Amino acid sequence: MKLAVRNGTLVTPGGRYEADVECEDGRIAALVAWGRSSGGGEEVDATGLLVFPGFIDPHVHSRDPGLTEKEDFAHSTRAAAASGVTAILEMPNVVPPVSDAATFRERANQHARVAFVDFGLWGISIGAENLNELPGLVEEGAVGVKLFWGYALKRQTKQLVYNLADEPPENLILPPGNGDVLKVFETMARMGGLLAAHCEDRDILEAAQHALGRKIEDYEDLLASRPDTAEAATIAVGAEFSQTTGCRFHVVHISSARGLEVVRAAQDRGIPITAETCPQYLTLTDESYETVGSLMKVYPPVRRAADRGALWKGVRDGVITSIGSDHAPHTAEEKRLGLATQPAGFVGVETLAPLMVNEALAGRLSPERLSWVLSEGTARLYGLYPQKGAILPGADADLTLVDPEGESVISNERLHSKHPVSPWNGVRLRGALKAAVLRGRVVMRDGEPVGDPEGQLVRPVRSQEVSFSRG
Ligand SMILES: [Zn+2]
C-alpha cells in the first residue's frame, strides 16, 4: 500500500523542509524533493500546507469501560482523528482501572476493536494496594504509571473519590501517605518507567476549603479553595523523591507559575522531572469565567494571567515538554450544574490541535516548537520516538496536515464526542486541520474522520535514551 504526500512543507522541531513524503506499508519510505515522488499509489496534495509528524494527545480520559454515559473509546478516538491527532495515550482511571498486567491486556484488546487512531495505555498506581503490579504494567507496555496523588478510591470499584466526605470511611482506600509514595518511586525507578502524578496536596486543599468556610459560590472561591501552593508543594516532594530514587517524574496538567518554578529549579539541578500543560491553562484565565461560566471548572483550576504567562514561557523555553488535552468528558446534564456541584473537566481531545495551531499562527510559539510539544517531545517523553513523532524513513507514516491560511470555528455541533460541550464553543481560530494520515492511510479530511477504525496499541521502547531539549 503506497501513499505520497506531495508539495507540503514539513515542520519538525529542527526546522522546516520542502519535501514529498513517500509512504509504503504503513511506514515512511522516503523523503524526496518536490515533484520527485515516484507515484503509483494514492496521492495527497499538500500544496500550501504545513505537514507535521502526527499529533499525539498524551492525556485522554475516554471513560471506557464503566463510565460510558460520559464518553467511550470509539467517540474519543473519532474526535481525535477529526482534529488530526493520530495517537492518544489513554488514562487508567476507569472502572475497573488499569492496575495490573491482566487488565492492561484486556483493555488493549477491547480498545483495539474500536480505535480510530493509535493508542498507548497508562497504568495506575494506588499506593501500597498495587505496588507489586507496577513492574508487570511496565513490562506489558504501559506508557507510564499515573499516581492520583492525594486521592482516595472506592474500595469496590477503585473509582477516584473527589470528596472524602461523600463516602463512609469503610468504603474507601485512603490516599497513600508519602512513605508509600516513595516506594512507588523506588519501584518505578528500578523498572526504568515513567511515573506521572496529579499534583495537588490534599491537606492543603482541605485546609483552604475549611478557611473559605462556605460552599463555592464564584470563581474566586474556587481559586481560593485550590491554591497554587498545593500544586507547587506536591511537585517539590515529587522532585525530592525523583532525586532520591532516580525515578523519571512527570507532572501532568501543570497550571501555575509557582508549580512551574519548582519544575524549572529541579531540572536545573539535573533531576529527571518533566511537565505537561494543557490548552485551558494557555488560553483561559480567571477572567474567562465571565463568558465561559461554570463549564470551565477543571482540576487543577485555570488560574491568573500571570500563571498563563509563566506557562507560555515554559512552553517556549522547553521546561514544558508536552501539551495534552486532559480530555475529561461528563454528560451535558452534569456540565449544566452550577460551579460548586458540577464535576471538574471537559472535552478537549478534538480542540487540542486547533487551539494550539491557532496559538502558533498568532506567533505565541513557533511551528517548530508546536511540532515538539504536540509530537516529537511527547513521543520522546513516552519512549515512542521514532516510531511516532518523526518524519523520517522507517517511522510510522503518521502525518497531520495544516492549512495556515485557513480558518476554523470551534462548534459544539461539529465535535465528535458523546457530549460535545466545549468551553471554546464559538471561538474563531486561525488555521485549519485539513487531513491526517495514520500509518499511511488517510483517516481525516477537512475535519471529518474517514475509513474504518484501525487504531493499534503502541508500546514504549524501554531501552531508549530519553533526552529533552531546553534552550
Ligand atoms: Zn487527567
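It should be emphasised that the depicted structure is a prediction, and the values quoted were computed from it without experimental measurement. One-based numbering, in listed order, for ligands and for the atoms of each.
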I'd like to know if the side chain of T378 and the backbone of L374 have a donor-acceptor N/O pair within less than 3.5 Å.
no
For K158, run the side-chain contact (heavy atoms from CB on, under 4.5 Å) check against I173, V95, N130, N93 and tell me which one passes.
I173
What's the count of protein N, O or S atoms under 2.8 Å from the Zn ion (ligand 1)?
3
With a 4.5 Å limit on heavy-atom distance, are the side chains of L381 and P58 in contact?
no
So do R155 and E129 actually touch side chain to side chain, heavy atoms under 4.5 Å?
yes
Parallel, tilted or perpendicular: which fits the ring planes of F52 and F55, with parallel below 30° and perpendicular above 60°?
tilted
Can you list the residues that meet the salt bridge (charged side-chain N to carboxylate O under 4.0 Å, His left out) rule with D326, with sequence neighbours excluded?
none
